[in-house]
Student: 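Below: one structure in C-alpha cells.
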Amino acid sequence: MEYYLVKWKGWPDSTNTWEPLQNLKCPLLLQQFSNDKHNYLSRVKKGKAITLNNNKTLKPAIAEYIVKKAKQRIALQRWQDELNRRKNHKGMIFVENTVDLEGPPSDFYYINEYKPTPGISLVNEATFGCSCTDCFFEKCCPAEAGVLLAYNKNQQIKIPPGTPIYECNSRCQCGPDCPNRIVQKGTQYSLCIFRTSNGCGWGVKTLVKIKRMSFVMEYVGEVITSEEAERRGQLYDNKGITYLFDLDYESDEFTVDAARYGNVSHFVNHSCDPNLQVFNVFIDNLDTRLPRIALFSTRTINAGEELTFDYQMKGSGDTSSDSVDYSPAKKRVRTVCRCGAVTCRGYLN
C-alpha cells in the first residue's frame, strides 16, 4: 500500500502522520507532489524523465527536495500576500519560482514612496496648484514650470526623455480624473516577481499587455546623501549587487537606495536593450534635487515578457561612456552583463 507523510495545516511537524493514499482528499497537493518529484528527477538526469516504482521508498535526496519545495511554496505565497497588503496601487503582485529553491529575500521591506534617512527632509506638500477646468487646454502646472504637459489623451507620455514631468498636485482644483495625474496613481498592471533561469536572480514580468509609452512603475527606496551612497556602494560592490539610483536631474546631492526598502522595481533587471525608460517627475515635492523616478514603456510589452531598464540610463537617455560615473545604478567594478541583447555592451557599467 502507498503511504504519504502528511504535514497538517496549523499543526507542528511533530504531529505529522503517515497516511494511506485512500485517506487523502487533496488531488491538487498530490499532483504538486508528483510534479516536484518529476522535476527533481528530470534535473538530476539532465532532462530524462524517470518513473519510480510506487512500492519503493523515496530516496532521501528526493524526499528532502520535495519537502523544501513545499516549504518554499508556502513561504512565497505568504510573501505574495504580504506584498499585496502593503502596496497601495491597483495592480496586483504575484510571486513565482520554478527554477530553484530560493525563497523570499530575508532583508527587504516593501514601501510605496521614498523613505528619507535622518537629516533629509522631503516636502510633500506643494505651495500652489492649478485652477483648471480642463488641464489639456489651460495653463496648467507644466506650463507654470516652463515645460509641456507630458501626456496625450490616451495617458501615454509624449515628451522626449530628459524632459521633466510636472503633474497636478494636492493643491490643484482639478479632480482625481485629471489627465495630468498618472504617476501618482501608481502601477495599474498586474506584475510577477519571478526567478530567472539565466542566473540573474529575481526579475519582474508583466502579466498583461502594456501599451507603448505607458507608465509602469516608480523606482522608490531610501533617500540618502551622495556621500552615504559612496560608502554603501563600496559594501555593495563586495557583494556584487547595487540598487543605487542617482537623483541627478539638476544636482548630484541625493541618491535612492532600494537595497533594503523598495517596491517591485527593486527586482527589475538590467538590459542593454530595455523596454522601460526613466523620467523625472515632480508632483507635490517641487524640489528639483529630489525628483520622483518613473519608468515608462518604450514599446508595446506583451503579457509574460520581462520588464527591464538600462542601469546606465539617465533621465536624458544618455548611455555614452561619459555618463557612466553619473548613472542611476552606481557600479564601481566591472560586472558582466547577462541580458542577452543583440546590442549588449558586455558589462553593466
Side-chain angles (χ1 to χ4, degrees), residues 75-76 78-95 102-124 183-187 191-195 200-204 215-249 252-270 276 278-285 287 289-295 307-309 311 313 327-332:
L76 292 179
R78 287 174 177 169
W79 185 41
Q80 176 179 297
D81 294 342
E82 179 187 357
L83 294 176
N84 283 289
R85 284 194 302 269
R86 291 183 178 275
K87 58 96 173 170
N88 65 357
H89 50 76
K90 178 181 177 181
M92 295 295 292
I93 303 172
F94 296 86
V95 179
E102 186 72 18
S106 59
D107 194 27
F108 175 74
Y109 306 92
Y110 195 94
I111 58 175
N112 293 290
E113 57 188 19
Y114 284 163
K115 175 183 174 63
T117 51
I120 296 179
S121 175
L122 298 181
V123 180
N124 287 318
V183 171
Q184 61 194 263
K185 290 182 178 179
T187 300
L191 305 176
C192 179
I193 300 170
F194 75 105
R195 196 70 175 169
C200 291
W202 295 102
V204 179
F215 169 66
V216 179
M217 70 179 78
E218 276 192 76
Y219 192 94
V220 303
E222 290 182 277
V223 179
I224 60 178
T225 63
S226 294
E227 291 76 16
E228 175 64 11
E230 288 295 326
R231 188 190 71 80
R232 294 188 185 188
Q234 298 296 333
L235 299 175
Y236 296 158
D237 285 345
N238 294 332
K239 298 178 181 179
I241 62 171
T242 186
Y243 297 95
L244 299 177
F245 199 128
D246 288 347
L247 299 180
D248 55 1
Y249 170 62
D252 193 18
E253 295 182 45
F254 302 108
T255 296
V256 176
D257 182 4
R260 295 186 67 211
Y261 298 90
N263 62 1
V264 176
S265 65
H266 167 99
F267 302 97
V268 175
N269 283 317
H270 161 86
L276 300 178
V278 175
F279 282 86
N280 295 289
V281 186
F282 299 94
I283 306 175
D284 280 314
N285 188 345
D287 187 341
R289 301 173 303 166
L290 293 163
R292 291 164 67 165
I293 303 301
L295 299 172
L307 302 175
T308 58
F309 74 96
Y311 284 5
M313 186 183 292
S327 63
K330 283 189 176 181
K331 289 180 178 291
R332 297 162 185 76

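All residue numbers refer to positions in the sequence shown, counting from 1.
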Student: For Phe282, which residues count as a ring-ring contact (aromatic ring centres under 6.0 Å, His included) partner, sequence neighbours excluded?
Tutor: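 Only Tyr166, Tyr249 meet the ring-ring contact (aromatic ring centres under 6.0 Å, His included) criterion with Phe282.
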Student: Is there a side-chain contact between Phe254 and Ile120, using heavy atoms and a 4.5 Å cut-off?
Tutor: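 Side chain of Phe254 against side chain of Ile120, heavy atoms only: contact under 4.5 Å found.
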Student: Contact between Leu122 and Leu290 at the side-chain level, heavy atoms closer than 4.5 Å - yes or no?
Tutor: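 The answer is yes; the side chains approach within 4.5 Å.
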Student: Roughly how far, to the nearest 0.5 Å, is the CD atom of Gln80 from the CZ atom of Arg85?
Tutor: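 Reported to 0.5 Å precision, the distance equals 11.0 Å.
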Student: So Thr187 and Val264, do their side chains get closer than 4.5 Å, heavy atoms only?
Tutor: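 Contact flag for Val264/Thr187 side chains = no.
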Student: Testing the basics here: between Tyr110 and Ile93, what is the closest heavy-atom pair and its distance to 0.1 Å?
Tutor: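 So the minimum-distance heavy-atom pair works out to OH-CD1, 3.7 Å.
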Student: Begin from the C-alpha positions of Val256 and Val220 and carry the test side chain to side chain contact (heavy atoms under 4.5 Å, CB included) through to its verdict.
Tutor: CA-CA 7 Å; Val256 176; Val220 303; 5.7 Å; no
Student: Donor-acceptor pair, distance only, cut-off 3.5 Å: does the side chain of Asn263 make one with the backbone of Glu218?
Tutor: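 Present.
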Student: Quick check: do Arg195 and Glu102 have side-chain heavy atoms less than 4.5 Å from each other?
Tutor: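 Yes; the side chains approach each other to less than 4.5 Å.
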Student: Whether Arg232 and Glu227 form a salt bridge (side-chain N of Lys/Arg under 4.0 Å from carboxylate O of Asp/Glu) is what I want to check.
Tutor: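 Salt bridge: no.
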Student: Can you find a heavy atom in the side chain of Thr255 that is under 4.5 Å from one in the side chain of Thr225?
Tutor: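 The answer is no, as the side chains (C-beta and beyond) never meet within the 4.5 Å cut-off.
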Student: If you look at every heavy atom in Ala259 and His266, which pair is closest and at what distance?
Tutor: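 Between these two residues, the closest heavy atoms are O-CE1, 3.2 Å.
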Student: In terms of side-chain geometry, is the basic nitrogen of Arg231 or Glu228 positioned less than 4.0 Å from the acidic oxygen of its partner?
Tutor: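 Looking at Glu228 together with Arg231, the answer is yes, because their closest N to O distance falls below 4.0 Å.
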Student: Do the non-hydrogen side-chain atoms of Asn280 and Ile293 ever get within less than 4.5 Å of each other?
Tutor: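 Side-chain contact under 4.5 Å: yes.
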Student: Look up atom CE in Met217 and atom CG in Leu295, then write down how far apart they are to the nearest 0.5 Å.
Tutor: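 CG of Leu295 is found 6.5 Å from CE of Met217.
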Student: Check Phe215 against Ala294 and note the closest heavy-atom contact, atom names and distance.
Tutor: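 So the two residues come closest at CE1-CB, 3.8 Å.
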Student: Would you mind reporting whether Pro291 and Leu247 have side-chain heavy atoms less than 4.5 Å apart?
Tutor: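 In short, these two side chains touch, coming nearer than 4.5 Å.
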Student: What residue among Tyr261, Phe267, Trp202 forms ring-ring contact (aromatic ring centres under 6.0 Å, His included) with Phe108?
Tutor: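 One option only clears the test, and that one is Phe267.
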Student: For the pair Tyr311 and Tyr243, evaluate ring-ring contact (aromatic ring centres under 6.0 Å, His included) and give the outcome as yes or no after the intermediate values.
Tutor: CA-CA 9 Å; Tyr311 284 5; Tyr243 297 95; 8.4 Å; no
Student: Drop me the distance from Arg292's CZ to Asn285's CG, to the nearest 0.5 angstrom.
Tutor: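 So the gap between those two atoms works out to 9.0 Å.
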Student: Nearest heavy-atom pair of Leu307 and Val268: which atoms, and what distance?
Tutor: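 So the minimum-distance heavy-atom pair works out to O-CG1, 3.4 Å.
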Student: Closest heavy-atom contact between Asp248 and Asp252?
Tutor: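 Between these two residues, the closest heavy atoms are CB-OD1, 4.2 Å.
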Student: Write down the atom of Asn112, the atom of Arg86, and the distance for their closest heavy-atom approach.
Tutor: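 It is ND2-O, 2.8 Å.
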Student: Taking NZ, NE, NH1 and NH2 as the nitrogens, is one of them in Glu253 or Arg289 under 4.0 Å from a carboxylate oxygen of the other?
Tutor: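 Counted as a salt bridge, because a side-chain N and a carboxylate O are separated by less than 4.0 Å.
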Student: Would you tell me whether Tyr236 and Asp257 have side-chain atoms, one donor and one acceptor, within less than 3.5 Å of each other?
Tutor: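 Yes, side-chain donor-acceptor contact under 3.5 Å.
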Student: Are the aromatic rings of Phe94 and Trp79 close, with centres under 6.0 Å apart?
Tutor: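 No - the distance between ring centres of Phe94 and Trp79 does not fall below the 6.0 Å cut-off.
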Student: Look up atom CD1 in Ile224 and atom CD in Glu230, then write down how far apart they are to the nearest 0.5 Å.
Tutor: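 Interatomic distance, Ile224 CD1 to Glu230 CD, rounded to 0.5 Å: 9.5 Å.
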Student: Within a radius of less than 6.0 Å around NZ of Lys90, do more than 12 heavy atoms belonging to other residues, nucleotides or ligands occur?
Tutor: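 No, not enclosed.
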Student: When Leu76 is tested against each of Val95, Ile193, Asp81 for side-chain contact (heavy atoms from CB on, under 4.5 Å), which residue passes?
Tutor: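 When side-chain contact (heavy atoms from CB on, under 4.5 Å) is applied between Leu76 and each of Val95, Ile193, Asp81, only Val95 qualifies.
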Student: Please, which pairs that meet salt bridge (charged side-chain N to carboxylate O under 4.0 Å, His left out) have at least one residue in residues 104-114, sequence neighbours excluded?
Tutor: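 Every pair satisfying salt bridge (charged side-chain N to carboxylate O under 4.0 Å, His left out) with a residue in residues 104-114: Asp107-Arg260.
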